[in-house]
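What you are looking at is a predicted structure, and each value in this text was computed from that prediction instead of being measured.
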Amino acid sequence: MAKGITKRSQDYSRWYQDIVLRAELADYAPVKGCMVIRPYGYAIWEKMQATLDARFKETGHVNAYFPLLIPEEFLRKEAEHVEGFSPECAVVTHAGGSKLEEPYVIRPTSETIIWSMYRKWIQSYRDLPLLINQWCNVMRWELRTRLFLRTTEFLWQEGHTAHATEKEAEAETRQMLEVYREFAEGTMAMPVIRGVKTEREKFAGALRTYTIEAMMQDRKALQAGTSHNLGQNFAKAFDVDFLDADGERKLVWASSWGVSTRLIGALIMAHSDDNGLVLPPRLAPIECVIVPIYRSDEEKSSVLEKANQVWKALSAKYSVKLDDRDQCKPGFKFSEWELKGVPVRIELGPRDVASGQVVLVRRDNGEKQSCALDSVVESVERALEEVQQGLYHRRWISGRATPAKLTVTMSSRNSSGTTAGSP
RNA sequence: CGGGGCGUAGCGCAGCCCGGUUAGCGCGCCUGCUUUGGGAGCAGGAGGUCGCCGGUUCGAAUCCGGCCGCCCCGACCA
């Protein structure tokens with residue numbers, strides 16, 4: 001049915017690539033290991049950002065921006081950190097036409113430059129907690145890359161918090177993991193398992209790394225988000241202390257946490273099928289598409305008139321596309337919007353105009369139903385909700401069905417034990 | 001870093017083994033007409049430094065040497 005998409009059963013990895021390229025989510029960039037996130041893919045990221053950012057604000061965080069370039073010596077200040085990140089750092093050695101005295105590292109993560117600033121900003125317990133997030137790009141020189149799942153440069157958010165007590169830092173670390181879990185399950189419709197990374201797999205420089213892992217359709221787990229309790233490691237490395245209420249000078253406690261554009265890869269692998277992308281309504285750039293059907297000019301004008309009414313009614317609440325391209329046949333449009341993962345399609349032809357109905361089709365299961373024109377908004381609302389819930393339950397059930405053999409595809413280090421334990 | 005594959009029109013490929021008119025095919029694109037409830041048909045048209053450098057030859061997309069790039073699998077990787 002779908003032209004040019006490899007079947008999952010044939011070659012899962014090719015299928016994944018086909019979806020990304022054909023649905024125009026991303027494309028290969030001229031630079032090895034880098035990708036261009038195309039408008040349709042970026043729109044998904046923007047929706048993810050909007051939802052997460054609102055949650056970060058609700059939990060007391062503020063956004064800021066730190067530089068892309070980090071003095072190389074900063075990385076060296078924390079022993080585990082430098083050991084973990086050095087091999088994958090890109091280093092700038094020349095600028096302004098001459099060799100630099102001190103090379104700069106292109107950030108693989110921002111703990112060091114942020115804590116160099118926190119040292120200036122934190123003096124008293126009254127300055128704590130400090131709860132800052134930043135949305136940015138980072139670069140890690142990976143040997144093997146895959147679109148969205150692991151690219152040399154990627155987009156993410158990184159939260160960096162400073163606290164007066166160990167207990168508070170631990171509570172923050174767990175709270176943010178919970179924010180990620182809610183997002184994955186509620187917004188992405190993707191069930192996750194919470195866990196603690198092993199000593200080998202934890203963040204380089206952390207006391208402890210909590211993770212959410214999602215089950216993909218190839219029965220492999222994917223690391224979807226991590227939250228680190230950094231203890232006092234960075235406070236020690238950057239000499240960040242504060243004067244507490246009891247008059248004592250104490251080291252600051254820290255957390256950091258992040259999710260990246262890898263989530264788009266997770267989203268694809270969680271829900272999509274052999275006909276293309278399948279998107280949960282809460283992240284779909286286009287929630288509903290209207291495909292008009294007509295033969296004669298006469299039919300065209302009456303159908304388009306109704307289609308425009310429907311579009312107008314739905315637009316007040318949803319992101320709706322009226323596909324009135326004259327040069328494409330309806331069948332072509334059906335396939336194309338399925339490929340692009342639009343959750344709900346409305347078909348509207350002469351027969352529907354005559355009977356005061358539209359045909360409503362769900363992307364997740366292909367179910368068609370007729371519904372009355374004058375209650376189309378309610379019908380779409382219900383259908384979108386059903387798709388959102390339906391996707392979650394389908395993933396939940398299939399995740400349940402295959403828990404025995406968990407292997408880990410794209411998370412770090414070894415390939416077992418990643419999901420052990422529970423926070 | 002190992003193994004494999006690829007590089008010829010925007011995309012996908014054939015041609016190469018066995019050198020020889022003007023380098024083909026499908027899709028897409030442009031124009032026109034007919035079409036339109038599951039990826040339309042016909043006619044006409046535009047589009048090429050055959051990855052790069054060198055060599056062999058009267059003649060190289062094709063043979064030889066070197067280089068570059070990308071993709072896939074594995075190893076590695078918060």
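Both distances falling under 3.5 Å, in either a Watson-Crick or a G-U wobble arrangement, occur for no nucleotide opposite B:G48. With a cut-off of 3.5 Å on both pairing distances, B:G38 has no Watson-Crick or G-U wobble partner at all. With both pairing distances under 3.5 Å, B:C63 is matched to B:G55 as a Watson-Crick or G-U wobble pair. Summarising the base pairing, B:C25 is matched to B:G12 through a Watson-Crick or G-U wobble pair whose two defining distances lie under 3.5 Å. Across all strands shown, B:U31 pairs with B:A43; the Watson-Crick or G-U wobble distances both stay below 3.5 Å. Pairing for B:C1 goes to B:G74, judged as Watson-Crick or G-U wobble with the two contacts each under 3.5 Å. Using N1 to N3 plus N6-O4 or O6-N4 for Watson-Crick, or N1-O2 and O6-N3 for G-U wobble, each under 3.5 Å, B:G7 pairs with B:C68.
A:Glu385 and A:Arg382 are not joined by a salt bridge, as no carboxylate oxygen comes within less than 4.0 angstrom of a charged side-chain nitrogen. Salt bridge present: A:Arg362 and A:Asp364 bring a charged side-chain N and a carboxylate O closer than 4.0 Å. Under a 4.0 Å N-O distance rule, the pair A:Arg363/A:Asp273 qualifies as a salt bridge. A:Arg181 has a carboxylate O that lies under 4.0 Å from a charged side-chain N of A:Glu178, or vice versa, which qualifies the two as a salt bridge. The residues A:Arg325 and A:Glu336 are annotated as salt-bridged, a charged nitrogen and a carboxylate oxygen being separated by less than 4.0 angstrom.
Residue-level contact check: A:Val291 touches neither bases nor backbone, having no heavy atom under 4.0 Å from any strand. A:Ser256 comes within 4.0 angstrom of nothing in the nucleic acid, heavy atoms only. Using a 4.0 Å heavy-atom distance criterion, A:Lys300 is classed as making no nucleic acid contact. Note on A:Tyr12: nothing from the nucleic acid sits closer than 4.0 angstrom, heavy atoms only. Among the atoms of the strands shown, none is found under 4.0 Å from any heavy atom of A:Trp337. Using a 4.0 Å heavy-atom cutoff across all strands shown, A:Pro87 reaches no nucleic acid atom at all. If you check every strand for non-hydrogen atoms under 4.0 Å, A:Asp326 touches nothing. If you check every strand for non-hydrogen atoms under 4.0 Å, A:Ser13 touches sugar and phosphate atoms only.
Rounded to an integer number of Å, the gap from CG of A:Leu143 to P of B:C73 is 14 Å. Put simply, CD1 on A:Ile5 is 16 Å from P on B:G39, counting in whole angstrom units. As a whole-Å value, the separation of A:Met35 CE from B:C70 P is 17 Å. In this structure, CG of A:Leu21 is placed 16 Å from P of B:C70, rounded to the nearest angstrom. Summarising the geometry, the separation between CZ on A:Arg200 and C1' on B:C76 is reported as 10 Å, rounded to the nearest angstrom. Atom C1' of nucleotide B:G74 and atom CZ of A:Arg146 are separated by 13 Å, given to the nearest angstrom. Rounded to an integer number of Å, the gap from CZ of A:Phe85 to C1' of B:C76 is 15 Å. B:G12 atom C1' lies 11 Å from atom CZ of A:Arg22, rounded to whole Å.
Between A:His61 and A:Trp257, the angle of the ring planes goes over 60°, which puts this pair in the perpendicular group of the 30/60° scheme. Using cut-offs of 30° and 60° for the angle between ring planes, the A:Trp15 and A:Tyr12 rings count as tilted.
Spacing of P atoms, B:C1 relative to B:G12, comes out at 28 Å, to the nearest Å. Taking atom C1' on both B:C17 and B:G54, the two are 23 Å apart, rounded to the nearest angstrom. The P atoms of B:G41 and B:U36 are separated by 13 Å, rounded to the nearest whole Å. To the nearest whole angstrom, the two P atoms, one in B:C50 and one in B:A61, are 7 Å apart. Comparing the same atom, C1', in B:C29 and in B:G10 gives a spacing of 8 Å after rounding to whole Å. For the P atoms, the distance linking B:U49 with B:C64 amounts to 25 Å, nearest Å. Across the C1' atoms, B:C27 and B:A14 are found 15 Å apart, a figure rounded to whole Å. Going from the P atom of B:C18 to that of B:A75 covers 39 Å, rounded to whole Å.
Applying the 3.5 Å distance criterion, the base of B:C77 shares a donor-acceptor pair with the side chain of A:Arg150. Remark: the A:Glu338 side chain and the B:G38 base include a donor-acceptor N/O pair separated by less than 3.5 Å.
Against RNA chain B, the stretch residues 327-334 of chain A makes heavy-atom approaches under 4.0 Å through A:Lys329, A:Pro330, A:Gly331, A:Phe332, A:Phe334.
If you check the side chains of A:Ser227 and A:Thr173, you find no donor sitting under 3.5 Å from an acceptor.
When each of A:Lys32 and A:Glu88 is assigned the nucleotide of RNA chain B bearing its nearest heavy atom, the one mapping closer to the 5' terminus is A:Lys32. Both A:Pro30 and A:His228 lie near RNA chain B, and the one whose nearest nucleotide falls closer to the 5' end is A:Pro30.
Regarding contacts with the backbone of B:C71, every side-chain N or O of A:Gln17 stays at 4.0 angstrom or more from both OP1 and OP2. Look at A:Arg144 and you'll find a side-chain N or O under 4.0 angstrom from OP1 or OP2 of B:G74. Regarding contacts with the backbone of B:G37, every side-chain N or O of A:Arg351 stays at 4.0 angstrom or more from both OP1 and OP2.
Side-chain atoms of A:Arg8 come within 3.5 Å of backbone atoms of A:Ser272 as a donor-acceptor pair (strictly under, hydrogens ignored). Side-chain N or O atoms of A:Gln388 include one that pairs as donor or acceptor with a backbone N or O of A:Thr187 at under 3.5 Å.
Relative to the side chain of A:Arg345, the nucleotides B:C72, B:U36, B:G38 differ in distance, and B:G38 lies closest. Considering only the side chain of A:Tyr28, B:C71 comes nearest among B:G37, B:G38, B:C71.
A:Cys89 pairs with exactly one of A:Ile70, A:Ile106, A:Val105 by the side chain to side chain contact (heavy atoms under 4.5 Å, CB included) rule, that one being A:Val105.
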